[in-house]
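Some notes on the structure that comes next.
In this text, all values refer to a predicted model and were calculated from it rather than measured experimentally. Order of the sequence lines sets the chain letters (A, B, ...), proteins ahead of strands, with each chain counted from 1.
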2 protein chains.
Amino acid sequence: MQLNPSERERPMAVTISDVAHAAGVSKGAVSYALNGQPGVSQDTRDRILKVAKDLGWKPSLRAKGLSSAKAYALGLVVARDPSLLGTDPFFPAFIAGIETALAEHDYTLVLSVATAPGAEERCYRKLVENGRVDGVILTDVRHNDSRIGLLNELKVPAVTLNRPDANSPFPAVSVDESAGIVAAVEHLVALGHTRIAHVGGGQEYIHGRSRRKAWADALAAAGLASDLFAAADFTAAGGVAATAELLRRTDRPTAIVYANDLMATAGQSYAQSLGLSVPGDLSITGYDNAEFTQYLNPPLTTLATDPMLWGRVAAQVLLNQLAGTHGGGDTALPAPRLVVRASTGPAPGHPTAA
Amino acid sequence: MQLNPSERERPMAVTISDVAHAAGVSKGAVSYALNGQPGVSQDTRDRILKVAKDLGWKPSLRAKGLSSAKAYALGLVVARDPSLLGTDPFFPAFIAGIETALAEHDYTLVLSVATAPGAEERCYRKLVENGRVDGVILTDVRHNDSRIGLLNELKVPAVTLNRPDANSPFPAVSVDESAGIVAAVEHLVALGHTRIAHVGGGQEYIHGRSRRKAWADALAAAGLASDLFAAADFTAAGGVAATAELLRRTDRPTAIVYANDLMATAGQSYAQSLGLSVPGDLSITGYDNAEFTQYLNPPLTTLATDPMLWGRVAAQVLLNQLAGTHGGGDTALPAPRLVVRASTGPAPGHPTAA
DNA sequence: CATCTCAACTGAACCGGTTTAGTAGTACAC
DNA sequence: GTGTACTACTAAACCGGTTCAGTTGAGATG
């Protein structure tokens with residue numbers, strides 16, 4: 001066999017047998033001592049602990065995993081078109097949140113990216129069947145999400161972000177997205193807008209649907225019709241197309257509530273390219289509060305969520321579930337906060353307008 | 001012990017012993033058959049393969065890992081302030097690239113996010129000492145990067161993005177960032193600019209340094225002085241501060257080359273808030289070609305790289321290293337491509353100006 | 001015909017932990 | 001003084017693979 005860089009001999013790690021031998025006890029005693037289990041006297045326990053420390057013993061996760069049938073890892077499958085992956089500010093922060101919870105429990109995160117459509121289910125199946133993970137976090141839940149059934153079949157603990165509409169046995173960690181959209185619509189209504197459109201995200205996603213429904217409900221509550229809907233898919237290109245569709249109408253909206261920042265950004269840019277003034281002719285709101293939105297021209301009114309908190313809580317709920325200490329209920333997180341910037345203003349012709 | 005959701009009995013997986021028993025051979029024979037090793041006749045091999053398939057046997061990675069002392073996983077530690085994590089379009093695409101390479105080899109990615117400064121080294125140490133990973137990918141390489149020494153001490157195979165200035169035994173996968181910056185400067189010089197500033201990224205990073213050096217070199221090549229430098233840190237706030245500093249000067253620049261898109265975006269917004277016209281009074285270039293930059297007002301001239309390719313190649317090089325088939329040299333990737341948009345234009349007073 | 005060789009296979013050791021069953025020794029009750 | 005109960009420990013099995021050291025039987029060789 002050929003020598004290569006990966007074969008520089010790694011100093012063979014000290015094992016539990018080494019510790020046992022050095023301390024003059026059996027492997028079992030060492031195991032008990034280090035896991036705080038009864039079965040060893042305090043004196044012996046202290047001695048074993050000291051020897052283990054002196055020798056620099058680190059229990060092998062591999063061996064531990066084999067005998068306990070655990071992976072000490074959680075899985076996250078991100079299904080996105082690779083070209084869109086960089087556009088969403090949600091995931092990096094969400095993942096950071098997961099990590100903060102995991103770090104305290106010696107768990108790690110195994111991340112898979114499924115780019116092809118069918119690849120997603122294969123990813124979950126592989127992660128679980130290979131025993132890579134002890135539980136998974138489900139994001140971007142879809143209408144009648146087939147993954148719920150899959151994970152159920154795989155008998156793997158899971159948490160979902162928001163409660164699926166399919167019957168799901170898994171605890172959910174939810175953000176009341178409706179409240180955010182409602183706040184945005186109310187803000188626009190207060191500014192005198194009556195023709196408030198919505199550029200929706202993919203309606204196969206429950207967050208796409210719930211944002212649309214919240215928009216319609218808020219309009220209804222204000223006594224307004226919710227006919228100005230244009231379907232899109234959370235992408236910039238989709239946002240432009242939907243905006244174009246809305247602005248071609250004779251009863252064109254004076255305000256558009258977008259389902260995310262990227263579409264809002266692209267829509268705003270498109271409207272401006274048509275010679276429309278934002279917010280003079282058209283008010284615009286986004287969703288996510290991506291960092292760059294405050295540097296747009298004009299800066300974007302949007303909804304701020306806390307993806308990091310979401311990640312942390314989701315991971316925590318899953319860990320509790322694994323430990324058997326989870327109550328079983330869903331967890332509600334604070335609703336998004338409306339961040340008012342210069343992309344929204346009084347409706348054209350409205351008294352409060354300059 | 002209390003029953004909980006995680007203890008719904010998972011159908012005990014079929015093991016190699018089950019297969020051996022069903023096929024009427026020993027465990028060893030099954031192992032040989034399934035790994036394509038010699039020691040079993042073709043007939044027996046076929047029979048074993050069939051039985052294994054019928055029983056739906058999946059080798060346990062845990063057991064495999066224990067006996068072969070491998071983790072079948074690569075590690076990536078991302079060290080970012082959590083608030084900045086969502087702003088960088090690089091990582092998601094980079095990670096997607098890594099995954100495309102790993103998916104073909106039944107490896108997975110273990111991701112750690114180190115938010116606190118010192119946490120980064122602890123993350124690497126933990127990943128390696130716990131045997132979570134067989135190799136790691138090193139991004140955001142710093143000047144005299146201490147992680148090189150750490151990984152050397154841990155005796156873990158690694159790849160670095162770009163060649164560190166510290167003496168590194170690890171293969172690097174490099175993008176000639178200088179060429180990109182040079183292209184941007186040349187573009188501005190061709191437009192008649194003579195006072196071209198640079199808002200630098202953190203100079204503790206080698207990519208921060210190399211972009212600055214490339215800017216200075218390109219100016220020198222054009223016979224121009226490179227005194228208009230303002231230090232920043234790749235953040236929006238830093239970009240604004242640096243831009244403010246530059247624009248306060250009496251010999252204010254007519255063009256600014258930013259080390260990334262976020263700073264350029266924030267800088268452009270700040271300059272506009274001062275009443276400056278972009279590109280009439282000030283031309284601006286970014287770096288990264290983040291999706292949103294084409295929807296800025298004006299759209300941003302920037303440098304497009306291919307983070308996904310970078311991730312794929314880096315992972316591939318690391319896998320080859322693990323397999324012992326890596327040549328040992330560095331790998332060069334295509335230089336960034338200049339994407340000219342409306343944020344750059346003729347220098348004020350220059351003949352080509354309107 | 002005895003021997004040598006090799007392919008094909010088996011049994012057992014091994015990786016590094018956890019866990020179970022069993023044993024020695026001490027204390028206490030009756 | 002014997003039985004009981006408990007503590008403190010050990011030896012060995014076990015998790016599910018890989019791999020090494022034999023063993024067997026068939027065909028080739030002298």
Given B:Thr108 and A:Arg132, is the side chain to side chain donor-acceptor pair (under 3.5 Å) satisfied, shown in steps?
CA-CA 9 Å; B:Thr108 55; A:Arg132 292 269 194 194; 3.1 Å; yes
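Distance OH (B:Tyr72) to P (D:dG17): 12 Å, rounded to an integer number of Å. Distance CG (A:Asn130) to P (D:dG17): 11 Å, rounded to an integer number of Å. Atom CZ of B:Arg62 and atom C1' of D:dC15 are 10 Å apart (whole Å). Distance NE2 (A:His21) to P (C:dG16): 16 Å, rounded to an integer number of Å. Across the protein-nucleic acid pair, A:Lys64 atom NZ and D:dG17 atom P stand 22 Å apart, rounded to whole Å. Computed from coordinates, the A:Leu66 CG to D:dG17 P distance equals 9 Å when rounded to whole Å. Rounded to whole Å, the distance from CG on B:Leu61 to P on D:dG17 is 10 Å. The nearest whole Å value for the distance from the CD1 atom in A:Ile16 to the P atom in C:dT19 is 11 Å.
With respect to the salt-bridge test (charged N to carboxylate O, under 4.0 angstrom), the residues B:Asp140 and B:Arg80 qualify. In this structure, A:Glu120 pairs ionically with A:Arg147, as a charged nitrogen and a carboxylate oxygen lie closer than 4.0 Å.
Checked against D:dG17, C:dG16, C:dT19, the side chain of A:Gln37 finds its nearest nucleotide in C:dT19. Distances were taken from every side-chain heavy atom of B:Asn35 (C-beta onward) to each of D:dT18, C:dG16, D:dG16; the shortest belongs to D:dT18.
Here A:Thr160 contributes atom OG1 and A:Ile148 contributes atom CD1; the two are 6.0 Å apart, rounded to the nearest 0.5 Å. Atoms NZ and CG, from B:Lys64 and A:Asn130 in turn, are 8.5 Å apart once rounded to the nearest 0.5 Å. Taking CD1 of B:Ile16 as the reference point, atom CG of B:Leu34 lies at 7.0 Å (rounded to 0.5 Å).
Residue A:Ser60 is in sugar-phosphate contact alone, with no base atom involved, counting any heavy-atom pair closer than 4.0 Å across all strands shown. Within 4.0 Å of A:Ser41, counting heavy atoms only, lie sugar-phosphate atoms of the nucleic acid but no base atom. Residue A:Val30 is classed as having no contact, given no heavy-atom separation below 4.0 Å to the nucleic acid.
The shortest distance between the side-chain N/O atoms of B:Trp57 and the OP1/OP2 oxygens of D:dG16 is not below 4.0 Å. Applying the 4.0 Å criterion to OP1 and OP2 of C:dT18, one finds that A:Ser31 has a side-chain N or O inside that range. The shortest distance between the side-chain N/O atoms of B:Ser26 and the OP1/OP2 oxygens of C:dT10 is below 4.0 Å.
Remark on DNA chain C: of its neighbouring residues B:Arg45 and A:Lys58, the 5'-side contact belongs to B:Arg45, judged by nearest-heavy-atom nucleotide. Map B:Thr44 and A:Lys27 each onto its nearest nucleotide of DNA chain C; the residue landing nearer the 5' end is B:Thr44.
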Identify the pairs formed between an N or O of the protein and an N or O of nucleotides 20-28 of chain D at a distance under 3.5 Å, and give each distance.
from	atom 1	to	atom 2	distance (Å)
D:dC20	N4	B:Tyr32	OH	2.7

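Counting non-hydrogen atoms of other residues, nucleotides and ligands closer than 6.0 Å to CG of B:Asn167 gives a total of 12 or fewer.
Relative ring orientation between B:Phe91 and B:Phe94 is described as perpendicular, the plane-to-plane angle rising above 60° on a 0-90° scale split at 30° and 60°.
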